[in-house]
Amino acid sequence: MGAAGYAAAKELAQEDEPAAAPQPTAEPDDDVSNWEGVTGQFALEPGKAHFTSFLLASHPAPVRRAIEAHRKGLDANPRDYLNEHELRLEKEVLGAAADYLGAAPEQIALTDSTTMGLGLLYGGLRLREGQEIVTTEHDFYATHEALRFRAERSGAVVRRIRLYDEPETASEDEIVAAIVGALRPSTRYLALTWVHSSTGVKLPLRAVADAVAEVNDGRDERDRVLVCVDGVHGFGVEDVAVAELGCDFFSSGGHKWLYGPRGTGVLWGREEAWHEAAPTIPTFDGRSYLAWIEGRAPEDTPPGATMTPGGFHSFERRWALADAFAFHGRIGRSRVAERTSALARQLKEGAAALERVRLKTPVDEALSAGLVCLEVDGLDSREVVGRLDARGIVASVTPYATQYVRLGPSIVNTPAEIDEAVGALAELR
Ligand SMILES: Cc1ncc(COP(=O)(O)O)c(C=O)c1O
């Protein structure tokens with residue numbers, strides 16, 4: 001039963017037969033077989049090269065259409081649209097997310113953002129007396145703050161470690177050794193970020209997970225280290241099924257590289273790992289709701305649904321997440337990954353050849369994704385972004401104590417735009 005199955009359960013309805021949902025799928029002009037067709041799906045302000053999709057996505061045409069179709073239906077008759085379409089649409093979203101993640105739909109919670117997923121996760125993970133959580137200096141505000149709240153509320157010990165000194169020369173061995181060397185018998189959770197938005201470094205998650213598995217080998221089930229990941233800057237970029245990365249929990253927003261609706265996200269957990277996570281916000285899943293009405297424990301609600309916060313949602317966006325996965329799938333996951341890394345490579349090579357530019361992101365594609373961070377000798381990063389802006393190059397500054405210029409080439413960009421960005425960097429005085 002869907003996350004708002006509340007509506008159905010409230011009336012103690014028998015299992016609803018989902019009505020045929022509107023199908024705002026591909027239109028004849030949705031040709032994504034070439035990159036011109038893909039960029040043509042976006043309504044980005046013309047005359048500018050937009051390199052900040054990693055901040056917040058522009059909706060492609062199929063996502064805009066789906067949102068609009070659901071909005072119309074909800075505006076016309078919220079009760080009926082919800083009752084008639086909710087179960088089927090929720091199933092479609094979970095099915096599409098499961099296909100993309102390589103996971104079972106029952107193991108996926110729907111959230112509004114990476115941050116919401118991390119907050120729910122780190123707030124709800126079970127810790128026994130004396131156990132600790134290890135995170136790193138490179139993680140984003142959302143991880144650090146969620147862990148700080150957790151420590152304040154429960155007295156949990158949270159320790160930060162450093163994985164590399166210089167991002168541009170970071171290596172897989174250095175990162176894995178730093179993690180393994182930091183693990184103590186009391187370490188229960190490892191809180192990591194797949195692609196650091198501070199530097200563009202991509203953690204070799206598979207190698208990390210393998211090394212952690214070796215450490216776990218001799219440990220009791222309840223003492224094993226579980227790997228929790230903020231995966232947002234790899235989600236919709238990397239050509240890998242998330243469930244194969246070897247981590248235990250993975251949170252991502254849908255509204256960055258995947259070009260999903262703004263205000264969507266997923267939190268995935270491995271089946272056994274979910275036992276360690278308790279929900280914070282009551283789900284509106286019909287199974288839990290019905291159990292409440294009947295005065296019994298919600299034993300048949302799967303973990304993903306249990307962890308999906310209830311309350312009604314901005315359903316027009318939540319349901320249009322299925323269309324974002326479909327759009328991504330039509331372009332092709334490996335094509336997206338190849339295109340993104342080719343554009344990032346072009347940018348890195350062009351920038352690295354400039355005398356005043358210091359590239360901070362590794363050139364090695366095993367240790368980088370789409371994000372590219374750099375600094376310019378003698379110029380403050382904010383000033384660089386301002387000057388790029390004046391040239392129609394939309395970039396950003398890393399929101400961290402150390403500030404770099406950050407660009408995220410993606411499927412909305414062209415090689416010509418990368419040349420423009422490199423040209424604008426070259427002309428900085
Ligand atoms: C590493 C990282 N995680 C999470 C976020 C926030 O994502 P969301 O809006 O999905 O919470 C950002 C930046 O916006 C980020 O850089």
Side-chain angles (χ1 to χ4, degrees), residues 50-59 63 97 100-101 108-123 135-149 160 163 167 190-203 205 227-238 242 245 247 249-268 280-281 307-309 313-314 317-318 320-321 324-325 344 360-361 367-373 381 385 394-410:
H50 297 267
F51 290 109
T52 56
S53 300
F54 61 82
L55 217 53
L56 194 58
S58 169
H59 293 161
V63 171
Y100 181 79
L101 291 159
I108 299 166
L110 296 177
T111 64
D112 293 355
S113 63
T114 322
T115 303
M116 181 189 269
L118 295 173
L120 293 169
L121 181 67
Y122 293 135
T135 188
T136 82
E137 290 179 11
H138 319 279
D139 287 84
F140 179 61
Y141 165 85
T143 289
H144 286 168
E145 283 296 274
L147 292 174
R148 186 171 71 83
F149 298 158
R160 278 190 204 178
L163 301 183
L190 191 53
L192 303 174
T193 293
W194 192 3
V195 182
H196 293 159
S197 51
S198 46
T199 59
V201 168
K202 176 176 76 181
L203 294 190
L205 278 186
V227 182
C228 313
V229 175
D230 169 342
V232 73
H233 293 298
F235 193 77
V237 180
E238 296 289 305
V242 169
L245 287 169
C247 50
F249 290 105
F250 183 98
S251 180
S252 178
H255 47 209
K256 294 182 188 284
W257 301 86
L258 181 72
Y259 291 98
R262 295 179 284 271
T264 55
V266 294
L267 172 63
W268 168 79
T280 300
I281 299 178
M307 285 292 280
T308 298
H313 296 282
S314 43
R317 285 167 187 257
R318 172 157 295 192
L321 183 57
F325 281 116
K360 303 312 290 184
T361 304
L367 292 168
S368 60
L371 280 179
V372 177
C373 297
S381 290
V385 169
V394 185
S396 87
V397 174
T398 52
Y400 290 82
T402 304
Q403 298 193 324
Y404 298 129
V405 178
R406 188 172 53 165
L407 296 101
S410 76

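The structure displayed is predicted, hence computed values, not measured ones. Remember, it's 1-based here, ligands and their atoms both numbered in the order they're listed. Just so it is clear, the values below take in all heavy atoms, side chains as well, and ignore hydrogens, waters and symmetry mates.
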Undergrad: For the side chain of H50 and the backbone of P409, is there at least one donor-acceptor N/O pair under 3.5 Å apart?
TA: no
Undergrad: Got the closest protein heavy atom to atom 12 (C) of ligand 1, with its distance?
TA: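 Checked against all protein heavy atoms, atom 12 (C) of ligand 1 sits closest to F140 CE2, 3.4 Å.
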Undergrad: Do H255 and R317 have side-chain heavy atoms sitting under 4.5 Å apart?
TA: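 They are not in contact (no side-chain heavy atoms under 4.5 Å apart), so the answer is no.
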Undergrad: For ligand 1, indicate whether the residue S113 contacts it via side chain, backbone, both or neither (heavy-atom separation under 4.0 Å).
TA: both
Undergrad: Give the C-alpha distance, both sets of side-chain angles, the deciding distance and a yes or no for ring pair (Phe, Tyr, Trp, His ring centres under 6.0 Å) between F235 and Y100.
TA: CA-CA 9 Å; F235 193 77; Y100 181 79; 5.0 Å; yes
Undergrad: In the protein, what heavy atom is nearest to atom 7 (O) of ligand 1, and what distance, to one decimal place, separates them?
TA: K256 CE, 3.1 Å
Undergrad: Side chains of H233 and W194: is there a donor and an acceptor less than 3.5 Å apart?
TA: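 No.
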Undergrad: Out of H255, H138, H196, H233, who gets a non-hydrogen atom closest to atom 15 (C) of ligand 1?
TA: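 The residue whose heavy atom sits nearest atom 15 (C) of ligand 1 is H233.
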Undergrad: List every atom of ligand 1 that sits less than 4.0 Å from any heavy atom of T115, numbering the atoms from 1 in the order shown and giving each element.
TA: 6 (C), 8 (P), 11 (O)
Undergrad: Within the structure, does T114 bring an N/O atom to less than 3.5 angstrom of an N/O atom in ligand 1?
TA: yes
Undergrad: Identify, by atom number and element, the atoms of ligand 1 in contact range of V232, meaning under 4.0 Å from any of its heavy atoms.
TA: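 The list of qualifying atoms is 2 (C), 3 (N), 4 (C).
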Undergrad: Take V229 and L245, measure what side-chain contact (heavy atoms from CB on, under 4.5 Å) needs, and give me the verdict at the end.
TA: CA-CA 10 Å; V229 175; L245 287 169; over 6 Å; no
Undergrad: For atom 3 (N) of ligand 1, what's the nearest protein heavy-atom neighbour? Residue, atom name and distance, please.
TA: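 The closest one turns out to be D230 OD2, 2.5 Å.
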Undergrad: Got the closest protein heavy atom to atom 16 (O) of ligand 1, with its distance?
TA: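 Checked against all protein heavy atoms, atom 16 (O) of ligand 1 sits closest to S197 OG, 2.6 Å.
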Undergrad: Has the side chain of T308 got a donor or acceptor atom that lies under 3.5 Å from a matching backbone atom of L110?
TA: yes
Undergrad: Check whether any side-chain N or O of T361 sits under 3.5 Å from a backbone N or O of T199 as a donor-acceptor pair, and report yes or no.
TA: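 It does hold such a pair.
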